[in-house]
Amino acid sequence: MSKIFHSVCPLNCLDSCGLLVEVDGGCVAKVSGDPRHPLTRGFICGKGQKLIERTYSPDRIRFPLRRTGSGWQRISWAEALSAIGERLLKIREEYGSSAVLHHRGHGSNGVLKNLDRRFFNAFGGVTEPEGSVCWGSGYAAQEYDFGGVYCHSWEDCLNSRTIILWGRDPAVTNLHLVPLLKEAQAKGARLISVNPVQTKSAELADAHVGLRPGTDGALALGMAHVILRDRLLDLDFVANHVHGFEEYAKLVKEYTPEKVAHITGVPRDTVESLAQTYAKRKPSAIFLGYGLQRYTNGGKTVRAIDALAAITGNIGIAGGGVNYAHRYNGRLLSSITGDEMAIHRRYLPYPVLAQAILEAQEPPIKAIFVTRSNPVSQLSNTALVKEAFTRAGLVVVIDYFLTDTAELADYILPCTTGFEAEDLVTSSWQEFWAYAPKLVEPVGEARPEAEIFGELAQRMGLKGFGERTAGQWLEEALAPAAAYGINLQSLKNGAVRNPLAPAAAWQDKQFATPSGKYELYSNQAAADGLDPLPSYAEPRESLTANPWVAREYPLHFLTPHPRDCLNSQLQNLKEESTESSLPVLEIHPRTAEARYIRNNDLVLVESPRGEMRAIARLTGKVPIYLVQVAEGGWLKAGGGVNFLTPDVIPDLGMGIPYYDCVCQVRKYHID
Ligand SMILES: Nc1nc2c(c(=O)[nH]1)N[C@H]1C(S)=C(S)[C@@H](COP(=O)(O)OP(=O)(O)OC[C@H]3O[C@@H](n4cnc5c(=O)[nH]c(N)nc54)[C@H](O)[C@@H]3O)O[C@H]1N2
Ligand SMILES: Nc1nc2c(c(=O)[nH]1)N[C@H]1C(S)=C(S)[C@@H](COP(=O)(O)OP(=O)(O)OC[C@H]3O[C@@H](n4cnc5c(=O)[nH]c(N)nc54)[C@H](O)[C@@H]3O)O[C@H]1N2
Ligand code: SF4
Ligand SMILES: [Mo]
């Protein structure tokens, strides 16, 4: 007889849906959305449905594997863990613990998945990337501006009269925000999309503002120019809660609507009306996307946008805010990562990680351990990443499938999916916590990370791991929440809201900056040797600023997130996935025509770093100077957008400027 349980989607999606999971005969038979979860409201997407297929796919790795001269060899867990443990200890003895690089990523939102970090801290501390592949530049920007990264609850958009989706595409990446946006519109809110592309979300919006990629900072400064010129400021907020207004006002003065129209391609009148709407139709909320900070100027872009909220007093009020991400969970969950155990930790800059691995000295990188990530397909400049992984003496990967990264491993260890082990799932985008019970026995010999790292630590004689069960680790993590009546037991009845997450961020206006105010002029940035103001610089691969680049590579190359997959996850489960199924390149009909490219033609996309093949799809939704291919496709299935993307360091936060990329497209001729 089948039984239904509460659970949660573990994917690193903004929505972290509550699930109802039907288990029948020891197998997961069906998943659906939890109707009682306030954001999920009974609906889940196709990716959530694919979680079953991911668990039972015949391609799933079922046993530990070791690379041999003649291919993959199945080995026992005891053999695998003792061989890996011995190698790691030897490397530590010879070179020190930081000769090991731990690469962890965004594969799962499970709290227990962080035990990988505990293991490497217990090992003595290792080398880690500095920054983030996801949100690094924008994150650093908000830390300079506000002193922290916090957002409003999603439902708070129902209090807004203006909502700007600034470089964010919820109709693809944040599905459960869409009904709330529609509800807000029905209540009279004006929804505006700012994006170079007419996205799916732009179709929902009341207005779409198209602009040249990477020029949002100039647009924001131009809007500020209009707001200051027309005295649309919130004088009280500026006088009491803002630091550095004078210096900022001087900068903004230069950015006349004419100048901004020239930089961004947004008509002067639109710059004016966007500023008027944002400042006058208050409260105004901005939902900031992650796309606009994937540029070399991405940090300052976010700083320039944050500033608009500060000068109009759209901070700390219902219906306002610049919603990017939040850090409320850290205030109520204790960390189980054991950071204090590390004796020595080294950081290598994320955007140029492969180069840094290859060049690392004292000690050199002798081993790479990969958890919850697929860096070979997901980091920029794939060719160099492959080289760095190939040259490392030892590569260990924990995953479900033979991904592009796992292909380069010496050992692959299979781990459990969200149905096969218990965990707690939290999110940095919304404030619900949900418990995922162990519902079925793991497929093959897959094991949860808590067990894998626990046993490895024990075999290696590492202290600080102990023999705690998953439940005990969760109880430890949840200890501070007990004061609010939240514990493992209460979580078993469905998702709970983090009680420390307010409806509106920064209501007390106590900013965690050096001045205690919102910093238009950032004292911390100045102390860090950076430009204290959100001044504008062209993106590195700007077509207008570099005519010589534009001759050879006259098109912007965008690689946004895929609709039906989660980054590189689930790509191998797509129905059409075969060795020959190539990614789709969206191209404007006029751009295509000039190259004799027709719909469904095979094309070659080239950038200064690399190339890929794709199938052309003609669409008027992209501007004539831009083409796009969704990221995440596996190299072995013809994906590999990151062969083209740049490995350069951006202005702030060590984010990766994936979208700061030019290319050329031509019809592919098979000679
Ligand atoms: N279906 C699905 N959902 C996901 C994910 C997924 O892979 N698939 N991934 C999850 C993760 S890890 C993340 S980080 C989020 C990302 O969520 P989003 O931020 O919504 O998505 P991105 O694809 O990163 O980029 C968003 C948008 O940025 C726009 N953009 C690009 N350049 C510029 C620019 O210069 N200016 C402006 N204004 N806009 C620009 C693109 O056209 C795109 O519409 O989504 C999460 N949700
Ligand atoms: N060109 C381009 N590149 C991008 C982006 C872009 O917009 N354009 N976006 C970037 C962004 S925002 C992100 S977040 C990154 C994402 O890149 P990654 O962090 O590498 O995430 P995924 O591609 O989702 O791959 C996660 C891997 O972890 C595995 N996994 C899932 N759950 C678990 C688990 O519980 N344990 C373990 N050990 N493994 C697990 C999955 O099978 C998968 O192979 O990609 C970045 N790369
Ligand atoms: S992928 Fe996102 S929208 Fe889909 S079920 Fe999971 S959390 Fe919900
Ligand atoms: Mo991300």
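Remember, it's 1-based here, ligands and their atoms both numbered in the order they're listed. Please read all numbers here as calculations on a predicted model, not as lab measurements.
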**Student:** What do you reckon, does Asn12 have a nitrogen or oxygen under 3.5 Å from a nitrogen or oxygen of ligand 1?
**Tutor:** no
**Student:** Does Thr215, backbone or side chain, put an N or O under 3.5 Å from an N or O of ligand 1?
**Tutor:** no
**Student:** Side-chain donor-acceptor pair under 3.5 Å between His176 and Thr40, yes or no?
**Tutor:** no
**Student:** Does Lys492 come within less than 4.0 Å of Glu422, counting only side-chain N to carboxylate O?
**Tutor:** no
**Student:** Near Arg563, which atoms of ligand 1 are under 4.0 Å from a heavy atom of that residue?
**Tutor:** 1 (N)
**Student:** Looking only at distances, can you tell me whether any N or O atom of Leu566, backbone or side chain, sits closer than 3.5 Å to an N or O atom of ligand 1?
**Tutor:** no
**Student:** Counting both backbone and side chain atoms, is some N or O of Trp429 under 3.5 Å from an N or O of ligand 1?
**Tutor:** no
**Student:** Any N/O/S of Cys9 under 2.8 Å from atom 2 (Fe) of ligand 3?
**Tutor:** no
**Student:** Out of the candidates Gln142, Arg168, Gln293, only one should pair with Tyr324 under the side chain to side chain donor-acceptor pair (under 3.5 Å) rule; please name it.
**Tutor:** Gln293
**Student:** Report the nearest protein non-hydrogen atom to atom 8 (Fe) of ligand 3: residue, atom name, distance rounded to 0.1 Å.
**Tutor:** Cys17 SG, 2.3 Å
**Student:** Give the single entry among Thr173, Leu211, Thr199 that approaches atom 17 (O) of ligand 1 most closely by any heavy atom.
**Tutor:** Thr173
**Student:** What part of His106 sits under 4.0 Å from ligand 1 if we count only heavy atoms: the side chain, the backbone, both or neither?
**Tutor:** neither
**Student:** Who's the nearest protein heavy-atom neighbour of atom 2 (Fe) of ligand 3, and how far?
**Tutor:** Cys13 SG, 2.4 Å
**Student:** Looking at Arg497 and Glu155, does any basic side-chain N land under 4.0 Å from a carboxylate oxygen?
**Tutor:** yes
**Student:** Have a look at ligand 3 and work out which part of Cys45, if any, has a heavy atom under 4.0 Å from it: side chain, backbone, both or neither.
**Tutor:** both
**Student:** So, are Glu143 and Arg327 salt-bridged, with charged N and O less than 4.0 Å apart?
**Tutor:** no
